[in-house]
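Here is the structure we will look at, set down as structure tokens.
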Amino acid sequence: MLKHVKLGAIGLAAVMLGSLMAGCTKDGAPQNSTAQPGTSQTAEAKKPDLKALISYVNYDPNTYPAVLDREKLTGYHVTYDMLPQDKPDDKLNIIMASGAEYDVIKVNKAQYSNFASQGALSEITEDMINKYAPNLKTAVSAETFASVKVNGKIYSIPARSMDNVNNSLLVRGDWLEKLNVKAPTTTEEFANMLKLFKEKDPGQLGAVNLPFTIDGSGPMIENLLGAFGIANEWNVKDGQLVARVLDPNFKEYLAFVTDLYKQGLMEKEFPTNKRANVVEKFTSGKTGVIVAGWWEYPSLPDALLKNVPTAKPVFLAPLKGKDGNAGLSMVSDIGINAIPKTSKNSEHVLRWVNAGLDKENFKNLVIGTEGVDYSVKDGSYIPIQPAFNDHRLNANNFLFGSDEKNYPAYWQARVRKDDRLLAAWQFMNEKQPAEAKKLDVMNLQVGLPEYSKNKTSLTTMVSDYAIKVILGSDTLANYDAFVAKWKAAGGEAVNKEVNEWYKTMKK
């Protein structure tokens, strides 16, 4: 939860941290309301049908079990429409420009910032939360609400996801056993392990032996980056956010990876690899190390074991660099649920959200019914299959607000459906020390204009330069000149904007 950021008097702090209003009905309406005629006093008696617009899913959202249960639990009927799979942003822009006929829409962060700045969304005020959605005050943290402010105001019902470490280096443990060496704990040991893989050929592969391969999307290698103190694209250093490319350690990282490549320890043709190529080379038994995610279990090891029955894939703990740095990127995300200014039902949307955040209702919406969809063992929620997958596997697509305190425990039911999946997730998220999990703070921002406009092009610039350096078509002697180009291409403006935003998160 961004523990290094201290939050104080940021707007709505009292709203987020205050106690629940006394005498509220289940969906948050005051029992003795003195509201205007036609609003709060009539809300319980007459609940209008609502319309929601969500991202594309490959099933009918209107018949999804979690949606049907939400209607029963909240008393509101909601019709869901989806954006198209192709060019969804264009379609959403047309919908908003023509006058959205929706009461709540799911948007990405950049869209949210733009629509809010254009006056297309309804502000969600302290009074509205007090009156219609008091459950938001205990379910959503002040930090999360602060992150969705646009020009000091809130236009979103945020739904923060689980904070997760997702990826690390995956190694052929059986190769290590054949060579009688332990799993590496430092970058030096990692390089030495790759040398042994090349020279000793523990897989007896001959010419097709590949000690290490990555895909061509860019040589930003999880775990190795953390050993150089740059686990994320933007990292907190001395109270500021520093872009990876502006960190002197990035130059050292590139030198290290370039050396691996020159020694023949990395696949020569890695720039042409797609992710599918990397997976195929690993599962066919041709390579000793790849970057992989816990979420690829058990499918990844199962595919490998079909080809190499004696294989033992193991994830590496965070490697330490020469300065003692180590870490794995931990990501969080915030779903944005906004009420278009054209909606006449903002009060009811908040009441609907509030009812969904009732403690028991929220639990039901996320993991279903005990004894049907899940069981409880030693305080943990265990999915009952196939009911859990049928009823709640995609429930996260219908979170309109999230109980941040309890959601992580409920979410873990998803990784408890297979012991190997659970073990992989636990290795990265529970077995590693807290200081080794480096939260990607930029996942909490809501679409800063300069950042949103330039992120893709700047990331591509850095990736292209890094690949050229590794392949030898460019050199680190040109590093300062490249950084100057990066700044001129929007990096300097982004750096200023990002750090101005970060200051607001620390207040």
Side-chain angles (χ1 to χ4, degrees), residues 1-3 7 12-21 24-29 52 54 64-67 69-76 78 104 106 124 126 128-148 154 156-164 331-339 349-370 373-374 376 379-383 388 391-416 429 439 443-444:
M1 279 297 208
L2 198 56
K3 293 179 181 177
L7 296 168
L12 292 189
V15 176
M16 307 314 131
L17 302 177
S19 60
L20 291 176
M21 294 177 63
C24 290
T25 61
K26 188 172 184 180
D27 74 351
I54 64 173
Y64 190 68
V67 169
D69 287 343
R70 189 181 187 103
E71 180 171 341
K72 295 175 186 176
L73 293 170
T74 66
Y76 281 95
V78 181
V104 61
K106 284 186 174 290
I124 299 173
E126 177 178 349
M128 292 172 70
I129 292 175
N130 281 338
K131 188 176 291 186
Y132 308 129
N135 286 337
L136 279 170
K137 295 191 292 186
T138 52
V140 180
S141 68
E143 174 186 284
T144 299
F145 268 104
S147 71
V148 297
I154 292 173
S156 168
I157 303 155
R160 185 165 178 171
S161 67
M162 176 81 172
D163 296 350
N164 266 323
V331 297
S332 185
D333 202 5
I334 297 177
I336 303 295
N337 306 287
I339 303 172
V349 171
L350 289 172
R351 289 180 177 276
W352 172 65
V353 167
N354 191 68
L357 288 174
D358 170 85
K359 187 173 181 179
E360 290 304 314
N361 286 353
F362 183 78
K363 182 178 182 180
N364 180 291
L365 293 173
V366 175
I367 57 174
T369 303
E370 184 173 359
D373 303 303
Y374 71 91
V376 181
S380 298
Y381 300 100
I382 313 299
F388 183 86
H391 301 158
R392 290 297 185 269
L393 185 63
N394 298 303
N396 59 303
N397 291 326
F398 303 97
L399 288 184
F400 295 86
S402 179
D403 181 343
E404 294 178 13
K405 180 180 179 181
N406 292 301
Y407 182 65
Y410 304 153
W411 178 90
Q412 288 178 40
R414 284 159 171 71
V415 298
R416 295 182 186 279
N429 290 279
L439 181 63
N443 274 298
L444 300 179

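Atom set for the values below is all heavy atoms of this structure, side chains included, hydrogens, waters and symmetry mates excluded. Keep in mind it's a predicted model, so treat the numbers as computed, not measured.
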>> To the closest 0.5 Å, what do you measure between CD1 (Ile367) and OH (Tyr407)?
In response: 11.0 Å

>> Restricting to non-hydrogen atoms, name the atom on Phe145 and the atom on Pro158 that form the minimum distance, rounded to 0.1 Å.
In response: CE2-CD, 3.9 Å

>> Quick check for you: to the nearest 0.5 Å, what is the distance between Asp358 atom CG and Lys363 atom NZ?
In response: 12.0 Å

> For the residue pair Gly368 and Asp373, what are the closest heavy atoms and their distance?
Replying inline: CA-OD2, 3.3 Å

> Where do Leu399 and Val366 land on the side-chain contact (heavy atoms from CB on, under 4.5 Å) test, with the steps shown first?
Replying inline: CA-CA 8 Å; Leu399 288 184; Val366 175; 4.0 Å; yes

>> Looking only at the aromatic ring of each residue, does the gap between the centers of Tyr374 and Phe388 stay below 6.0 angstrom?
In response: no

> Checking Asn354 side chain against Asn135 main chain: does a donor-acceptor pair fall under 3.5 Å?
Replying inline: yes

> Do you know which two heavy atoms are closest between Ala52 and Val78, and how far apart they sit?
Replying inline: CB-CG1, 3.8 Å

>> Within the structure provided, determine whether Val349 and Phe400 are in side-chain contact (heavy-atom separation under 4.5 Å).
In response: no

> Closest heavy-atom contact between Ala355 and Thr74?
Replying inline: CB-CG2, 3.7 Å

>> Once you measure the plane-to-plane angle for Tyr410 and Tyr381, does it fall in the parallel (<30°), tilted (30-60°) or perpendicular (>60°) bin?
In response: perpendicular

> Ser161 side chain to Ser332 main-chain N or O, any donor-acceptor pair under 3.5 Å?
Replying inline: no

>> Would you say Asn130 and Lys137 are linked by a side-chain donor-acceptor pair, where the criterion is simply a distance under 3.5 Å?
In response: yes

> Is the closest side-chain donor-acceptor distance between Asn361 and Asn364 under 3.5 Å?
Replying inline: no

> Between Phe398 and Leu365, is a side-chain contact (heavy atoms from CB on, under 4.5 Å) present by the stated rule, with each step listed?
Replying inline: CA-CA 9 Å; Phe398 303 97; Leu365 293 173; over 6 Å; no

> Taking atom CG of Asn337 and atom OG of Ser156, what is their separation to the nearest 0.5 Å?
Replying inline: 6.0 Å

> Between Arg70 and Val353, which heavy-atom pair has the shortest distance, and what is it?
Replying inline: NH2-CA, 4.1 Å

> Do Gln412 and Ser380 have side-chain heavy atoms sitting under 4.5 Å apart?
Replying inline: no

>> Show, in sequence, the C-alpha distance, side-chain angles and deciding distance for Asp69 and Arg392, and conclude whether the salt bridge (Lys or Arg N to Asp or Glu O under 4.0 Å) test is met.
In response: CA-CA 11 Å; Asp69 287 343; Arg392 290 297 185 269; 2.7 Å; yes

> Is the closest side-chain heavy-atom distance between Glu404 and Val140 below 4.5 Å?
Replying inline: yes

> Do Val376 and Glu370 have side chains that get closer than 4.5 Å, going by heavy atoms?
Replying inline: yes

>> Between Ser147 and Ile334, is there a side-chain heavy-atom distance shorter than 4.5 Å?
In response: yes

> Side chains of Leu444 and Glu143: closer than 4.5 Å at any heavy-atom pair?
Replying inline: yes

>> Go through it in stages, so that I can follow the logic: the residues are Tyr76 and Arg351, the test is side-chain contact (heavy atoms from CB on, under 4.5 Å), and I'd like the CA-CA distance, side-chain angles, deciding distance and then a yes or no.
In response: CA-CA 9 Å; Tyr76 281 95; Arg351 289 180 177 276; 3.6 Å; yes

> Could you state the interatomic distance from CD1 (Ile339) to CE (Met128), rounded to the nearest 0.5 Å?
Replying inline: 5.5 Å

> Taking the side chain as C-beta and beyond, is there a heavy-atom pair between Ile124 and Ile157 under 4.5 Å?
Replying inline: yes

> How many angstroms lie between CG in Asn396 and CG in Asp333, if you round to the nearest 0.5 Å?
Replying inline: 11.0 Å

> If you round to the nearest 0.5 Å, how far is OG of Ser402 from CG of Leu136?
Replying inline: 10.5 Å

>> Whether the Thr144 and Ser141 side chains hold a donor-acceptor pair (N or O, under 3.5 Å, no angle test) is what I'd like checked.
In response: yes

> Is the shortest heavy-atom distance from the side chain of Tyr64 to the side chain of Asn397 under 4.5 Å?
Replying inline: no

> Looking only at heavy atoms, what is the nearest atom pair of Leu357 and Asp403, with distance?
Replying inline: CD2-N, 3.9 Å

>> Run the side-chain contact (heavy atoms from CB on, under 4.5 Å) test on Lys106 and Ile336 for me, step by step, so that the C-alpha distance in whole Å, both residues' side-chain angles and the decisive distance to 0.1 Å come before the verdict.
In response: CA-CA 6 Å; Lys106 284 186 174 290; Ile336 303 295; over 6 Å; no

